[in-house]
Amino acid sequence: MSKKAKTAITPTREENFPDWYQEVIKAADMAENSPVRGCMIIKPYGYALWENMQSVFDGMIKALGVQNAYFPLLIPLSFISREAEHVEGFAKECAVVTHHRLEAGKDGGLVPAAPLEEPLVIRPTSETIIGDAMSRWVQSYRDLPMKLNQWCNVMRWEMRPRMFLRTSEFLWQEGHNAFETEEGAREDTHKMLDAYADFAENYLALPVIKGEKTDDERFPGADMTLTIEAMMQDGKALQAGTSHYLGQNFSKSCGIKFQGREGGEEFAYTTSWGISTRLVGAMIMAHGDDDGMIMPPKVAPHHVVIIPILKDDQDSAAVLDYAEKLAARLKEQGIRAHLDASDERTPNKMWGAIKKGVPLRVEIGGREVEEGTLTHVRRDIGRDSKASCSVDEFVNGAQGILDQIQADMFARAQKSLESRIHDVSNVGDVESFYKDGGVGFVKGSADILSDAAFEKVAKEHSLTARCLPFEDKGNKVIIGKSY
RNA sequence: CGGAGCGUGGCGCAGUUUGGUAGCGCACCUGGUUUGGGACCAGGGGGUCGGAGGUUCGAAUCCUCUCGCUCCGACCA
């Protein structure tokens with residue numbers, strides 16, 4: 001064994017961040033690649049995380065009056081071309097279904113046999129098909145606002161897929177709201193962005209910058225796109241959620257019109273908003289360390305993993321019994337406790353829990369059983385946080401420890417974000433910052449974007465305008481490399 | 001679609017330059033000793049070396065063509 005601290009993940013973040021990322025996913029058993037390029041298999045542990053995220057956010061939007069529904073995967077080709085900018089933005093990423101039957105071919109393989117009269121597009125997003133439904137459902141101003149959401153998969157043919165961050169098929173929620181007035185819709189666009197920021201910061205421990213996208217970065221077909229931008233540990237930006245004000249673009253192309261208060265025919269103002277499984281990637285890259293994943297307690301599949309340290313059979317029964325009782329008591333408190341009763345060797349169980357990022361680990365052996373105590377360790381801090389206490393004390397205090405972990409994770413991420421936003425006053429500053437190997441974002445006057453020299457600098461260092469932050473009232477711009 | 005790298009038991013790799021009976025670590029199975037931050041001993045199972053052609057007495061190794069994966073760029077959530 002070498003003297004150098006052994007990390008559970010190789011390479012380390014510093015050695016090779018992209019490889020480290022992939023290894024964390026594998027080590028935590030969250031997902032794997034599928035036989036089809038660009039698609040991924042989300043394994044039970046990774047999916048459990050997504051389910052928790054869904055459940056939290058679903059509750060948030062229902063509290064805002066949103067109703068869930070489900071719209072079809074397949075969209076008539078003609079629908080996609082209804083909104084001019086929308087087509088242009090999505091056309092090249094669309095997967096198209098052209099046939100509906102397979103038959104035995106000449107060389108024994110199966111070949112598509114029956115061409116469709118009108119090809120179908122696998123939804124890259126559902127504005128058009130939901131717009132079509134809304135056009136039938138909205139008759140009067142009394143039907144507004146209408147707030148619909150669906151949890152589903154979408155497909156965008158990607159040139160360069162990366163697990164969770166950019167896969168051809170991904171899971172998300174897409175919300176589609178329709179309003180009587182422009183003000184109502186604009187206000188809603190902000191409200192949904194606020195929900196995203198709340199979700200990211202308070203549940204995923206992911207600090208974000210709220211702002212508006214620049215013209216080039218806007219959603220195809222939107223008049224305004226709002227975003228929450230997060231920073232990963234390598235200093236790159238990740239667009240973590242977007243909320244779009246669509247004006248009357250889609251209501252006009254989909255025919256969402258209603259009879260107004262004065263009796264006249266009016267077009268609705270619509271919004272759409274989405275977050276995806278990409279957020280899983282964001283959490284990995286924002287919180288993970290060289291030993292693997294670190295789950296934010298509020299969405300972690302397991303809050304506490306209990307590891308029984310078993311010696312001989314006689315002892316084992318007592319230890320297991322003790323551990324089971326502890327698990328039951330924790331569950332009563334609403335804590336997701338997981339007893340690892342597998343017959344893995346003890347160190348493997350421990351490293352397994354570390355790599356999976358379970359926030360709190362409890363170790364129980366013969367000693368603890370005799371004393372009525374247990375040993376616990378925080379994942380985010382590691383062995384330095386190892387402590388011993390009575391079972392009662394732990395059962396009463398566990399939620400507090402989890403809350404502390406959640407708060408500390410957010411504070412760490414926020415500090416990392418804030419310390420890596422650098423003020424610049426002109427394009428020259430931007431260039432020299434990245435040329436000198438600067439890591440993170442730069443922030444300066446929004447005028448930088450219209451400087452003729454910006455385009456070249458941006459291209460050279462793969463920079464994009466991330467957003468015009470609200471906190472600067474649109475006068476400043478955040479620029480950075482991004483995923 | 002460009003640039004770089006890689007395809008060898010479940011996973012990670014060596015072997016390829018210089019052709020000669022396919023190896024190592026981890027994992028797995030059996031038995032035993034072990035167990036508080038990655039145990040040990042002994043025995044064992046598992047691979048048509050990504051695929052197709054070719055050269056050769058003989059190909060993981062040489063030649064041609066293909067397919068796929070990863071990273072970096074262009075496009076994007």
Problem set entry | Base-paired stems in RNA chain B, each at least three Watson-Crick or G-U pairs under 3.5 Å | B:1-7 with B:67-73, B:10-13 with B:23-26, B:28-33 with B:39-44, B:50-54 with B:62-66
Exercise. Any side-chain heavy atom of A/N202 within less than 4.5 Å of one from A/F410?
Worked result: no
Problem set entry | Aromatic ring pairing A/H376/A/F394, orientation class (parallel under 30°, perpendicular over 60°, tilted between) | tilted
Problem set entry | Phosphate OP1/OP2 of B/C72: any A/R162 side-chain N/O under 4.0 Å | yes
Exercise. Should the ring pair A/Y45 and A/H302 be called parallel, tilted or perpendicular, given that the plane angle runs from 0 to 90° and is split at 30 and 60?
Worked result: tilted
Problem set entry | Distance-only donor-acceptor check, side chains A/H244 and A/T225, under 3.5 Å | yes
Exercise. Less than 3.5 Å between a donor and an acceptor, one on the side chain of A/E368 and one on the base of B/G36, is that the case here?
Worked result: yes
For this session: Can you sort out which residues in residues 357-367 of chain A have a heavy atom within less than 4.0 Å of RNA chain B? Ascending by number, please.
Result: A/R361, A/E363, A/G365, A/G366, A/R367
Exercise. Closest approach of A/V299 and A/Y203, non-hydrogen atoms and distance?
Worked result: CG2-O, 4.0 Å
Exercise. Contacts to RNA chain B from residues 380-389 of chain A, heavy-atom cutoff under 4.0 Å, which residues?
Worked result: A/R383
For this session: Test for a donor-acceptor pair under 3.5 Å between the base of B/A39 and the side chain of A/R345, counting only N and O atoms.
Result: yes
Problem set entry | side-chain N/O A/Q22 vs B/C71 OP1/OP2, d < 4.0 Å | yes
Exercise. Which of these passes side chain to side chain contact (heavy atoms under 4.5 Å, CB included) with A/I75: A/I130, A/I80, A/V97?
Worked result: A/I80
